[in-house]
Amino acid sequence: MTNASLVMTFVLSGLPHAPELDTVLFGIFLVIYVLTVVGNLIMLVIISNPHLHTPMYYFLSNLPFIDMWYSTVTMLKMLMTLVSPEGSPISFSSCVAQFYSFDFLGSTECFLYTVMSYDRFLAISYPLRYASMMSGRMCAIMATTTWLNGSLHSAAQTTPTFHLPFCGPNQIQHYICDAPSILKLACADMSTVEMVIFVNIGLVALGCFLLIVLSYVSIVRSILKIRTSAGRGRAFQTCASHCIVVLCFFVPCAFIYLRPGSKEAMDRVVTVFYTVLTPLLNPVVYTLRNKEVKKALLKLKK
């Protein structure tokens, strides 16, 4: 981004592993990538069912779209590192693009989980007013806001990071262009940029997580007021899928970005959880734990 950036090409070193496992890992992650894309495409088709045109499924339809691109942005480069013993080269501009896309999609997913928890809070706590409170216009505004916020959050991290000078070395100890690994290559004082990124990620991640927790505390209180055990069971089941996905996404992110210090090998392994496994598991979790989605899937098969 700046003339002081002398390094024009970076090299992604990939996951830490023994060289003889290259072929095995390539096969495993290729299968995971294909299953992720196919699974999320199926989810998009299922959710397009007219019987699922409710606010919950309107927000949920954004998730498979995000996950498909999230996997594509991260896993294709990971696969390339597995077939390149010396690491996979990536140009400076491509690294910027991947960095921005990775943060954009990740933060948008973070905001989306928050909106989905608020939607469940309204549905369970205010069932009679829910339809008027979550109108089609309100759903469109909230969904658009998640994407805009994700874009702004990513720009706030990408711009200061790549305005730093990079004079070498150019070996990124990761399989993606991510903030902690990139900043270690800068040949200038990066304390200010590190603080900006830490505060930026901290505010977004912790803010979203706290809002989700508050929503679910209110949801649990509302559920406990339901007199019938069957009613309580249905309400808990509605929220269970969302809780599983939120934990799978937020816990690894907090471990990577919000703890002091950084261990590169461990960070790369933990990153697999929310860049590879979460996009793969989302369609499974929402299909197997959701009766309405399972019914729509059965109708699709017929």
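No experiment lies behind these values; they were computed from the predicted model shown.
More than 12 heavy-atom neighbours from other residues, nucleotides or ligands sit within 6.0 angstrom of CE on M190. Within 6.0 Å of the CD atom in E20, the count of heavy atoms belonging to other residues, nucleotides or ligands exceeds 12. Atom CH2 of W147 is surrounded by more than 12 heavy atoms from other residues, nucleotides or ligands within 6.0 Å.
For the residue pair D189 and L164, the shortest heavy atom distance occurs at O-CD2, 4.1 Å. Nearest heavy-atom pair across Q157 and T161 is O-OG1, 2.7 Å. A pairwise comparison of heavy atoms in L44 and S61 identifies CD2-O, 3.3 Å as the closest pair. Contact record, S101 with V73: CB-CG2, 3.9 Å, taken as the closest heavy-atom pair. Smallest separation of non-hydrogen atoms from V196 and A156: CG1-O, 4.3 Å. Looking at every heavy atom in both residues, V7 comes nearest to T9 through CG1-O, 3.2 Å.
Taken from CZ in F29 to CG in L280, the straight-line distance is 11.0 Å, to the nearest 0.5 Å. With rounding to the nearest 0.5 Å, the separation of OG1 in T192 from CD1 in I197 is 11.0 Å. Atom NZ of K77 is separated from atom CD1 of I172 by 9.5 Å, given to the nearest 0.5 angstrom. Rounded to the nearest 0.5 Å, atoms OH (Y118) and OG (S215) are 8.5 Å apart. Taken from CG in L281 to SG in C248, the straight-line distance is 6.0 Å, to the nearest 0.5 Å. Atom CG of L63 sits about 11.5 Å away from atom OH of Y70, to the nearest 0.5 Å.
Counting heavy atoms from C-beta on, the side chains of F111 and T145 never come closer than 4.5 Å. Residues I42 and V38 form a side-chain contact, since some pair of their non-hydrogen atoms from C-beta on lies under 4.5 Å apart. Side chains of I90 and V11 form no contact here, defined as non-hydrogen atoms less than 4.5 Å apart. Counting only heavy atoms from C-beta outward, the side chains of R120 and M56 approach each other to under 4.5 Å. Using a 4.5 Å heavy-atom cutoff, the side chains of L60 and M43 are in contact. In this structure the side chain of L185 never reaches within 4.5 angstrom of the side chain of N170, judged on heavy atoms. In this structure, the side chains of V251 and F273 stay at 4.5 Å or more apart for every pair of heavy atoms. The shortest distance between side-chain heavy atoms of T108 and H153 does not fall below 4.5 Å.
Under the 4.5 Å side-chain heavy-atom criterion for grouping Ile, Leu, Val, Met, Phe, Trp and Tyr, V204 is not connected to L210 through any hydrophobic cluster. Linking ILVMFWY residues whenever their side-chain heavy atoms come closer than 4.5 Å, directly or via other members, places I28 and F26 in the same cluster. Hydrophobic clustering of Ile, Leu, Val, Met, Phe, Trp and Tyr side chains at less than 4.5 Å, counting indirect connections, unites F59 with W69. Residues L247 and V217 fall into different hydrophobic clusters, defined by Ile, Leu, Val, Met, Phe, Trp and Tyr side chains chained together at heavy-atom separations under 4.5 Å. Hydrophobic clustering, with ILVMFWY side chains joined whenever heavy atoms are under 4.5 angstrom apart, keeps L211 apart from M142.
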Assess whether side chain to side chain contact (heavy atoms under 4.5 Å, CB included) is satisfied between F65 and N40, documenting all intermediate values. CA-CA 7 Å; F65 183 79; N40 282 287; over 6 Å; no

Check step by step if side chain to side chain contact (heavy atoms under 4.5 Å, CB included) holds for T36 and M68. CA-CA 7 Å; T36 299; M68 280 191 298; 5.9 Å; no

Give the C-alpha distance, both sets of side-chain angles, the deciding distance and a yes or no for side chain to side chain donor-acceptor pair (under 3.5 Å) between Y130 and S125. CA-CA 9 Å; Y130 175 65; S125 301; over 6 Å; no

Any chance you could lay out the side chain to side chain contact (heavy atoms under 4.5 Å, CB included) test for E109 and N282, step after step, and finish with the verdict? CA-CA 12 Å; E109 187 159 345; N282 276 348; 3.7 Å; yes

Evaluate Y33 against L76 for side chain to side chain contact (heavy atoms under 4.5 Å, CB included), listing each step before the verdict. CA-CA 8 Å; Y33 175 67; L76 291 185; 3.9 Å; yes

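Residues passing the disulfide bond (SG atoms under 2.5 Å apart) test with C95 are C177, sequence neighbours excluded. Contacts of Y175 classified as ring pair (Phe, Tyr, Trp, His ring centres under 6.0 Å), with partners at least two apart in sequence or in another chain: none. For F99, the ring pair (Phe, Tyr, Trp, His ring centres under 6.0 Å) partners two or more places apart in sequence, or in a different chain, are F162. F250 pairs by the ring pair (Phe, Tyr, Trp, His ring centres under 6.0 Å) definition with F209, not counting sequence neighbours. The ring pair (Phe, Tyr, Trp, His ring centres under 6.0 Å) test applied to Y274 returns no partner, not counting sequence neighbours.
T144 places a side-chain N or O within 3.5 Å of a backbone atom of A140 that can act as its donor or acceptor partner. Counting only distance, with no hydrogens or angles, the side chain of D178 and the backbone of P180 share no donor-acceptor pair below 3.5 Å. T158 places no side-chain N or O within 3.5 Å of a backbone atom of A155 that could act as its donor or acceptor partner. Of the possible donor and acceptor atoms, one in the side chain of S117 sits under 3.5 Å from a partner among the backbone N and O of T114. The backbone N or O of F104 lies less than 3.5 Å from a partner atom in the side chain of S107, making a donor-acceptor pair. Remark: the backbone N or O of T278 is not paired with any side-chain donor or acceptor of D67 at under 3.5 angstrom.
Using a 3.5 Å distance cut-off with no hydrogens or angles, the side chains of S222 and Y126 do not pair a donor with an acceptor. D119 and Y58 share no donor-acceptor pair across their side chains, judged by distance under 3.5 Å alone. When only modelled atom types and interatomic distance are considered, S88 and T81 share no side-chain donor-acceptor pair under 3.5 Å.
Other members of the cluster containing M195 are V199, L203, with ILVMFWY side chains joined at under 4.5 Å, either directly or via other members.
A side chain to side chain contact (heavy atoms under 4.5 Å, CB included) with P55 is found for one member of M116, M134, M133 and no other, namely M134.
Here the two rings, on F10 and F166, have centers that are under 6.0 Å apart.
Of the two cysteines examined, C110 and C208, the SG atoms fail the criterion of being under 2.5 Å apart.
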